[in-house]
Every structure is written in C-alpha cells, then in structure tokens.
Amino acid sequence: MKSYEHKSIEKKWAKRWEKDGLYKTKDVVKGKENFNLLVEFPYPSGNLHVGHWYAFAVPDILARFQRMRGKNVLYPIGFDAFGLPAENAAIKNKLNPRTWTLSNIEYMKKQIRSMGTSFDWSREVVTCDPAYYKWTQWLFLQFFKAGLVYRKETAVNWCLSCKTVLANEQVVNGTCERCDSEVEQRQMLQWNIKITDYADRLVDDLDALDWPKEIKESQKNWIGRSEGAEIDFPLDLGIKYKYVLLHGFEGAPDMPRFHFWKEELEKLGHEVIIPALPDTKNPSEEEQVAAALAATEYDERTVLFGHSLGAVVALKVLERLQKPIGRLVVAGGFIDPEFKDKRRNFEKRFSWKFDVKKIKSNTPVIHVLHETKDYGVSDKQLQRLEDFLGVKATHIEGEAPHFTGQKERSVLMWLRATIRVFTTRPDTLYGATYLVLAPEHPLLRQGFEGQAWLSTLQNKDEVKKYIESSKKKTEMERLALKKKTGVQLKAITAINPATGKAIPVYIADYVLGHYGTGAVMGVPAHDERDNEFAKKYELPIIEVIEPAVTQRAGLDAVREEEPFTERPAILAVVKHWSEDTYLCLAYKANDARGFISGGVDAGEDFLVAAQREIREESGYKNVVLVKSLGSVIHSKFYSPTKQKNLSAHFTPFLFELKDGEQEEVSEREKRIQEMCWMKKEEVANFVNRDDSRIAWRRAMGMDVYDGEGTLVNSGDFNGQSTESAREAITEKLGTVKTTYKLRDWIVSRQRYWGVPIPIVHCASCGPVAVKDSELPVKLPEVKDYLPEGSGKSPLAKAKKWVQVKCPKCKGKAERETDTLDTFVDSSWYYLRYTDPKNKKKFADAKKLQSWMPVDLYSGGAEHTTMHVLYSRFWHKALFDLGLTKEPEPYTRRMNRSLILGPDGQKMSKSKGNVIDPDEVVGRLGADTVRMYLAFIGPYNEINTYPWSPDSVVGVRRFLERVWRAQEYVGEADSPALENLLHKTIKKVGEDIATMKFNTAISTLMIFLNALEKETLRQAQGKKTLGKAQWENFLRLLAPFAPHITEELWAAGGQKKSVHKTVWPEYDASKLKEETISIAVQINGKTRAEAQVSGDADKKTLEKAAREAAATRLEGKKILRTIIVTGRLVNFVVEE
RNA sequence: GCCGGAGUGGCGGAAUGGUAUACGCGCACGACUCAAAAUCGUGUCUCGCAAGGGAUGAGGGUUCGAGUCCCUCCUCCGGCACCA
C-alpha cells in the first residue's frame, strides 16, 4: 500500500471532477427537490484567507450531503467585485481598477478550486461585469420609476484630507479609516432609496422567518421602531397678531375647523376675525371681496388666511389694500377654475385676473399650503399658483383631503409659530416644563420659509454661535463630551398645550435633528436626560407619574382572580444613628427584602403611623424625619401573612435614628421578618421589592422614574394609568405617530469603481431614466481615479461621456456621475445565480421560481444590519413590483463564527498571526483543512475559534488512519461493528442536517477507533471489516473529505464517483445494544452501575439495580423508585 | 445605559431534564528504536492511601433527579448608543 499522498490525490480528482462536470446544476431534475444553499460571495481582495475556507468549504459539507440525500442542490459562487480597495490600489499603483480586480478574481478562483468545494462555476456571477450591472441598473430604474428613489440634500461624511465622501463604515470613531484625519458633516445632493417605506414590513415579517433570535433582534433594533405621538406646542413670540380667516365655497365661519383655529389662536392672545362671506353657495368676486374688506382694518400686524376659494378672495383683498399686511397664508388655494374632479358654479363669477405686483407688494411673506390628497386642486393648478406667486408650495398631509377635517392642526401650525415634538410618552405631557430644539431644527434655519418668527429673539448672537459651534463639532467630540449644553431662546416661550402654561424654549445638541421632529419636550421628572438638563439650567421639575409596581414573580406574586384589598401605607427608609447603614427587613414567608412598611389606620397621621411601624417592627423608639421621599408608590403584591392580595399606596419617608434605644420586638413580628443593618452600597443589591427599590433610589437622590404608574398633576387625567393616559392624551392633544431609527438608504457614491447611476439630468425635464435599450451605461475610461476636491465623482472627468441627449426632450443633458453603493450590487446577486447568462431579463421567472427563496444563507455577522437588511428590502420592493414571487429572500439565515489567529487574536498582518491556507493545504491537504475547520466547533453557533496548529494535525492523523484502514477490508461484514455502523449512519446524518459538523466528525472518529480496536487487537490484524461496511463508512466521510474518499472508493473497484452515490440508510433494528449499562441512583445521585440486556423491562431493571446497590440500600426505607428504561433506576430513600 | 448571546478540564469542545467532561489537542508514562521522529499502548477534573466525597461563573428555587427549566447577581463577547 502506498502512503497517503494528499497532493497527487487532490490534484487528480479536482481535474477529473471538473472534466466530468460533476457539479453542474440543472434547474429542474425530475423527482428531485431543489435545495438552494447560499454563501456570501467574496470581495476579490486578491488573496484567500482561512475565513474564506471557513465560509465556503464547511457549508460544502451540507451541499454534498444534501446531494447524496437525493436533493438537486444549487451551491453557487461569484465575486462582489466593485468597491473601494480596487480604486485605492489603482490610485496607488497607477493601474486600472478593472485590471486589478479581474486578475485578483483569476487568482482567487484557482485558490477556491483547491478547497474541493462543489461550486457550480458555470453560474459564476461577477458584479463588475457589464452583463451583470446592466441588470443592477435596470432594477434601480424600476425602483426609480416606482417612486422609490429620490434625490435629497443629505448630510454626508466628508474627509477633509482625502477630499471625498466616505461611507459610514469608513468612518471609525469620527475619523477617516484610511488617513485618520478629521471627518466633517456636509450637505450634498444624494440619491436615496426609500427603505423607510418598508420599515414596518421589515420588522413585522421577521416573525415568520426561521432565523436565529439574535439576528432578528439586531435588525429590529437597527430599524428602531417606536410608537408614540406628535404634539404641537404653540410659540408665544411676544407679538399679538390679528388673524383674518376667509372660508371657501359653500363654507361658513362656524365650521368646526375655523372654530378650532380661532380657539387655538385666541389662546395665545391673538385677535381672530372670520368674516361671513356672502352668497356662499353662489359666490361672486365683488360681493365676497367687499365683505372681507369691510370686516376689519388691515395693517402690518394682520395675518390674512384663505382656504380654497377664500384664497382667491384673499389675493383680491391684497390687490386693493393701501398698505401691506404682515403675512399671507393660503391653503388649498388656486388662481384658475380648472379642477380635476368637477366644475364649480363660481367659475364665471370671478375674473381670474390678478395683479401679482400689487399682491406681492402688500405682503412680505406668502405661504402656500397644498394638501397631498387634494381632490379638487390639480397639480397643474398648483403649479400655476406657485409660478404666479413665485413661491414653492409646502405639501402637507391634512386630516382630510383639501384640509376639510374637523381640526386641521397642520394648517394651524402655519398660522401660528408651532413646534411639533415627537414623544413616546404623551402621558407625561403635563410634566413638560420646557422644549428643546436640535440646532438643525428648521425653525432656526436662516430665513426659514421667509418667516420673521425669530425677529423678537433677544440673544440672536448667542444662538447663532451655538448653532455654528455644534455644526463644527465632530461626531467624536459629541460623543466624548456627554455633558449637555444648550442655549435658551430668550423672549420666546412655548405653551404647553395641556396646562396652557408658558414654558421656556432651548436649543441643545443632545437633541438630534434627524430623528422624530428634531424637537423634544423636556419632562425632567421622568426622563434622565431631561432631568440632567433641567438641573443644569434650573428648570422646574414636576412629577406627573406616581410609580405603580406589581409583583409578578416569586412567592409574593399577585394571585390571579383574587380581589385586592386597598390600603394607605407608609414606607420608611431608616438610617443608623452613627453609621452609614440602613435598616432592612427580610420577610421570612416569601423571600422578599425591603424596608419597614405598614398600613395607616383610619384617621391616623402618616408620620405617626411611620414612627409606630418602626417601633413595632424594629423596636427603635427615637426617630427623626429627614425628608419625605416624594409621591406615593403604588404596589400590588400578595401577602403570605395576611393571605390576600394587597394594593398598598405607600407614602415613603427617610428617617434617621437619634440613638440606639430599643424595646423588645414582639414574637409575632420576629416570626414574620428578620431585621438587619445593611451598608449603604449593599442596600441596592439586598433589597428586592420594587417599591422599596424606588424609595431607596429616591433616598439617594437618583430617581428619575420612567416606568409605568398613575397620573398626578395632570388635570382631568389624574388617577389614570400611564397606559390609558397615553392614548387619552394623544387623542385630545396630539396625533398618533410612529418613528424609526432607520434612515433612507443613500446609494450615491462619488467614486469611480462602481455601477454608474443610469440617470440623465436635463435642464427642462429634470432627472430622467436612461432608456432600457441604452443599458448598460458602461463605466467610462478616465485618466486617473482621484476624486475631485469639489466632491464630484471621477466620472465627471469623462467629459464626452457626460454629454448626452435627454431621452425625453432630446435636448442637451448630462449624465449622472455618481456611482451606486456596492450594497446595491449584492442586494440581488442571489437572484442572478438562478439564471446568470440571461440577456433579456435579470432572471427568468420560471428559473426564479424553481430556486427561490434561498433555503439557507450562511454569512458573516457583520452583514446583519447592512447587506442582509438591504437585500430583504430589495426583494420586498421587487415583490411589490411583481418581479419576485415571494416577499422574503432567505428562508433561513445563519451567521458564521470567526476564525482567530493561534494567539486568540483577530488575524492581521501587523500582528503576524495570519495563517496562510495555501501553505497548510500544501503541507496537510485540503481534506484536512476542510475537516479541521468543521471539527473546531458547532457551525450554527456564533463564536470565535482560534486556529490551532496542533489540532489540525489531529485531523490529519485521522485521515491517515482512514487511509491505512483499507488494509482491514475483507469480504465478510464484521458482526461486532454492525451495530455501531448503523448508529454512526444515523448520528452523522442528523448532525450534518443540523450543521453540527463537529459532532458528526467525532462520531466518525469513534467508529474508526472501534474498527482499529476490533481489527488490530481482537482479530490481530485480520481483515475483519466487510466491504459493504467500508463503503458505507467512506460515503459518510465523503462530504467532509471529498478527495481521499474518492480515491479509496475508486481503489475498492468502484467506477462511479462516491459523490454521485446515495447516503446510506440505517437499519433501526440494528441500533439496539445487546447489553447496556444503566445508572443506579440513590436520591438522584449515581451510586452504582448495573448491566442489563438492551430490551430489559422495568421489573428486570429494578431487580438488577437493587442487586447492584444492595449494600447501600441496606437498612434504608425505599419511598419511591423511578425507572427510566434504558437509562437508570433511581431509589428515593429516607435520609 | 439598552438589546442580544455565552460562561463546563491545561485548550477546542460533548451531553432528548436522566451515568458531566464524548471526540480531538496537549501532557505523563510505556512499547518499538542505537537514538530521534513517526506510530502504537496506558493514564490524564478534583480531594482522598482507600472506602468514599466534591465539582458545569456565584447564590437561591422547581424536581425523585438540573450543565440543561425559573429567579437574583457576577464576568466575558457581539450589536446599538443622548433615538425623546
């Protein structure tokens, strides 16, 4: 027999398999079920590392196993070939990024082939291939046409030294990943994809997926959905206006919305006039304008508002005034009678002629509000209005179409200055004692919508300075300086809509501009951050929630269905007279630990009651009240001593003992609880009752209670639970709103080496999609790949390429020069695998259907919230467009572990701990490396495994012993090994299916150990193993070590590849052992063993066990005997 | 801080609520050898001479029986992080 020479064996079979097309996958095979196994395709960095082996070679075991189990398996591979490293290398070495990338791919393909993986290379996908990115562009345009893509001024990371935009992942701790220099936030026009439209579905659809919990959780976390309310706080700017509100066609001054606006404006001290316009069912210009003019005097403090036809009247009024007013607001207005739904009878009674010059000279500010679902006013009409007034309309979703709801709050917002806040705790509204705006808040923007709202601001310079300084603050500084800073907007106050009270307004950078509305209400009593801020700026802290806790676990958990006994009570934190210790009680009946507490008798003073309780429970007589510990703490629990549910309302106090004078505590009290003095730092851990914990935190002055409870100081809502108050207060004073942490996906990259965005900019048509027939828009050749300092992509340097004709109007136009984020490329590559060569479609629908969804997707944990989330979104969007048939792309997702260097550190060149797989493969063989990586630990759990150069040798030894074992193969099956073989077949199959490759391998090792023992020792080297047994063993080993098994298989005379054979079946009848050893336990502890036959019944087991433990059972009374067939007998005896 | 995961020999790890430490590495001793390597054999949680006892991060609970289920705490790892 030759020795095991892995090099020649592996080379030989790799060649043969490829020649035979062993792994070519057909889309449909009759009688076979399809199985789509996906691994993340690699970036062609140029060199394969151990991580790649772990990612590709280990799942290959499953792919091979499933094939042997009769599945038609798709195991594809490709390259994620666009991206920065190529461009950086190109800049550095003056190469073409394409050349660099393609040669890397060639090299890596060779390396990947050395793994012995069963990839179907005929389906290879390369994202930088125009044949691929044609469809990336096409899919992007489908989204563009569906309105999922938009351009927006977005804050981007700008590296001051590289003079380019960086992706978030390239910003590490606020500095540039490459050059370590400062990164600044800049506003730039960027292409965005509306992933936030899918936020809800991306969260909700997770429930139905068979994914590990941690992956689902981190996606949920990342999306960060929170439900709450938006509440409007009107501003009092110190100026009183006169509002003239003009109603529309068929309207009247007493319509609910006019009533609402009037009421709200009057609350702020403004004057409101709503003239009744005549002949409202049959209106004429002359009559209506005259009525409006007669209603009042118009001057610079007048705010003129017109709704619908009222807007036309308002414009006419302005035409005739002698002096200007303060402001004009129109909602649902128009200047011509061409409505999109129907004609109106006033069409001919108005002139539809306006003196725009006059109008504009009579008002310094014009606001045009357009309702997004307006049924009458058409886009064309709106456009004409905008053009006419020279003002861009503000698009708002009203309460009802055309702003006809009962309370049109959004209109009100534009009538008066309003700050809208988002909160998840509307129940704490009465405790809002100030407002805070983010420095980026639109109200603060210079010349905000032309409004002079901040004209009365007293400390303009200070505010400006603060805004400037926070803009300059880098992310790093913001993180480092966690202390809250802010500046008050002086002479401006907001009105708390619940209390009607004036509260101060601040700007502070602890409020984020991009989350919620960019403004928050400060509730210092119930929010830690607000509390910190309020303390610093000495703002009032008003408690509006009394904590309410319910004991849910343990012996004092409330008993369901039993009634509660209400009782007023006290809770006393008592400090030692000389030491820094506190009196705690441990209740004997229920393991509860807390402070002294007790009921207050009818008519009894709370302080007196507290002193009485201290005396009764501890015996101490002389106490002094230090302070009251705030509001009542409501607590529901079960009292074992009283044997009933209690609903206690504790008034908490802090006392200090004057001295140690103590009287004897009654026997009854001693039975109930034990008293002890705990050191200050130990109390928090010792006390386990929630009510006592709250009291303790208050005693230590660190309580900001943000839990549930009962409302106080909240007007009509007093006494309600926080839960119901959230709904009730939102209903009355706000609107329900859900916000997300997830932001839209910015896909613009000002980089060369990516997919060109297939859009053309035309001066008259705006951004226009490139025609399908013109796709792909190929990357132009440029001289150098350095980004321009201006933030333009290097594509802009291809001047000729940029100049095109507009696909719509054929006029002069320019190509978009940004490229797409590479996450776009990888958002759909798994779809292309199903039909990689299709020239007419991104993939054929039938082929998609035969392979999608992916059965198992294995990849790195770092992609959980990026690639995996993006591609789920992408797939859902395609689903909505009817391009895919299923709403989720991946049935199962699995995150892979990380392979560390031998020193337990992450492998890196600088640490010198990098394992070169090519070297190890050369020395020990691909089979050894594959198998070692599979053996290192469970593949379906996330962990970190150091590469162990010693352990890898262990696997090599195993394969060498397998090689030698061919010598033991005779003709007749070994009866001694038959049972074990069938057990091995069962276990290995089960373990591979659940990706526990490590235990599958150990099972194979156990079989080989037994085989050697049997052959070498029992049979002294005779050929004991049957040929059939040996071939079964080889088939079990084949998915792990494909080369050596193929060689041994062929050496045994087989012509067909072992990888084309079927997985062995086990014979259930052969799994049973003749004799087994069972455990004999006494009181649950193993004390002896007994040998019984494999099918022994309970009686036999008990008899054998009694004999085995006879001496130990002597003189003991057996109370119970528990018999578990095939396992153990447990005697429960008297101690 | 919040969310998630995990703590078992010297190391990677194994164990449907049922004989804890399978399998592999390492180590020790032995065989083979002039010798070494390779290979093979034996042993290898801990206390104890033994009989026995103890141990799965710590403490408690449920159970005939807990590494596994429940509660409290500690430590480590991952993610998010002023998200209102």
Side-chain angles (χ1 to χ4, degrees), chain A residues 212-222 224-226 228 421-425 428 436 438 478-479 481-484 508-512 514-523 526-530 532-533 553-555 591 593 685-686 688 706 739-742 861-862 864-865 895 898 904 932 935-938 941-955 957-958 960-961 964 996 998-1006 1008-1009 1012 1016-1017 1077-1090 1119-1133:
Chain A
K213 199 172 161 186
E214 65 271 12
I215 302 180
K216 290 188 187 184
E217 285 301 317
S218 46
Q219 289 209 350
K220 274 188 195 172
N221 212 294
W222 182 263
R225 175 163 66 186
S226 50
V421 304
F422 171 73
T423 176
T424 53
R425 294 299 300 269
T428 63
V436 197
R478 263 202 180 185
L479 282 173
L481 299 166
K482 269 226 161 173
K483 288 218 175 81
K484 291 175 181 47
D509 61 11
Y510 83 88
V511 175
L512 305 171
H514 58 77
Y515 183 79
T517 59
V520 300
M521 62 184 202
V523 186
H526 303 292
D527 182 280
E528 215 165 309
R529 295 158 308 194
D530 297 345
E532 192 191 315
F533 191 80
L555 292 167
D591 202 39
R593 299 186 294 270
N685 267 341
F686 179 79
N688 67 3
D706 59 5
T739 47
Y740 307 87
K741 281 201 265 187
L742 182 76
E862 70 275 17
T864 302
T865 52
N895 281 356
L898 206 64
Y932 167 66
F935 187 56
I936 203 164
E941 283 172 30
I942 305 160
N943 214 329
T944 49
Y945 300 115
W947 174 277
S948 161
D950 288 327
S951 295
V952 74
V953 168
V955 174
R957 275 182 210 151
F958 169 74
E960 277 173 7
R961 282 160 57 209
R964 267 177 266 145
K996 289 179 188 167
N998 55 332
T999 48
I1001 293 170
S1002 88
T1003 307
L1004 290 166
M1005 287 172 167
I1006 290 168
L1008 185 69
N1009 288 349
E1012 285 180 344
L1016 298 173
R1017 262 158 285 151
S1077 116
I1078 61 157
V1080 181
Q1081 297 185 333
I1082 293 171
N1083 288 344
K1085 294 200 167 149
T1086 307
R1087 292 298 183 231
E1089 268 182 24
L1119 302 172
R1120 249 179 99 181
T1121 308
I1122 287 121
I1123 302 162
V1124 182
T1125 321
R1127 290 268 179 195
L1128 57 78
V1129 177
N1130 184 14
F1131 296 107
V1132 184
V1133 302

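Order of the sequence lines sets the chain letters (A, B, ...), proteins ahead of strands, with each chain counted from 1. Computed from a predicted model, the values in this text were never measured in an experiment.
- Side chain of A:Tyr932 to main chain of A:Ser948: a donor-acceptor pair is present (N/O by atom type, distance under 3.5 Å, no hydrogens or angles).
- Residue A:Glu214 qualifies as enclosed at atom CD: its count of foreign heavy atoms under 6.0 Å is above 12.
- The gap from the P atom of B:rA22 to that of B:rC29 amounts to 22 Å, rounded to the nearest Å.
- Taking atom CG of A:Leu742 as the reference point, atom P of B:rG79 lies 19 Å away to the nearest angstrom.
- Comparing the P positions of B:rG78 and B:rA31 gives an interatomic distance of 49 Å, to the nearest angstrom.
- Atom CD of A:Glu1012 and atom P of B:rC40 are 7 Å apart (whole Å).
- Using a 4.0 Å heavy-atom criterion, one finds that A:Gly224 contacts no nucleic acid atom at all.
- At the heavy-atom level, A:Ile1006 lies under 4.0 Å from the strands shown only through sugar-phosphate atoms.
- As judged by a 4.0 angstrom heavy-atom cut-off over every strand, A:Val520 is placed among the base-contacting residues.
- The side chain of A:Arg964 approaches B:rC40 more closely than any other nucleotide in the set B:rC23, B:rC3, B:rC40.
- Remark: side-chain polar atoms of A:Asn1083 are paired, donor with acceptor, to backbone N or O of A:Val1133 under 3.5 angstrom.
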Using a cut-off of 4.0 Å between protein heavy atoms and nucleotide atoms, how would you tag nucleotides 5-13 of chain B 5' to 3' with B, S and -?
S------BS
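- Looking at heavy-atom distances under 4.0 Å, A:Ser226 makes contact with sugar-phosphate atoms alone, never a base.
- In this entry the distance linking CD1 of A:Ile1082 with C1' of B:rU19 reads 14 Å, nearest Å.
- For the pair A:Leu898 CG and B:rC77 C1', the computed distance is 12 Å after rounding to whole Å.
- Comparing B:rG24, B:rC82, B:rC64 against the side chain of A:Val1132 picks out B:rC64 as the nearest.
- In this structure, the CG atom of A:Asn1083 is 13 Å from the C1' atom of B:rU63, given to the nearest Å.
- Of the candidates B:rU19, B:rA84, B:rG54, the closest approach to any side-chain atom of A:Val511 belongs to B:rA84.
- To the nearest angstrom, C1' of B:rA84 lies 9 Å from CE of A:Met521.
- Regarding A:Arg1127, its CZ atom lies at a distance of 9 Å from the P atom of B:rU16, rounded to whole Å.
- As rounded to the nearest Å, B:rU68 and B:rA58 have P atoms that lie 11 Å from one another.
- Contact annotation for A:Glu1089: base contact, defined as any heavy-atom pair under 4.0 Å involving a base atom.
- B:rG65 shows a glycosidic angle more than 90° from 0 and is accordingly assigned anti.
- Atom CZ of A:Arg1087 is separated from atom C1' of B:rG54 by 10 Å (rounded to the nearest Å).
- One C1' atom belongs to B:rG7, the other to B:rA14, and the distance between them is 16 Å to the nearest Å.
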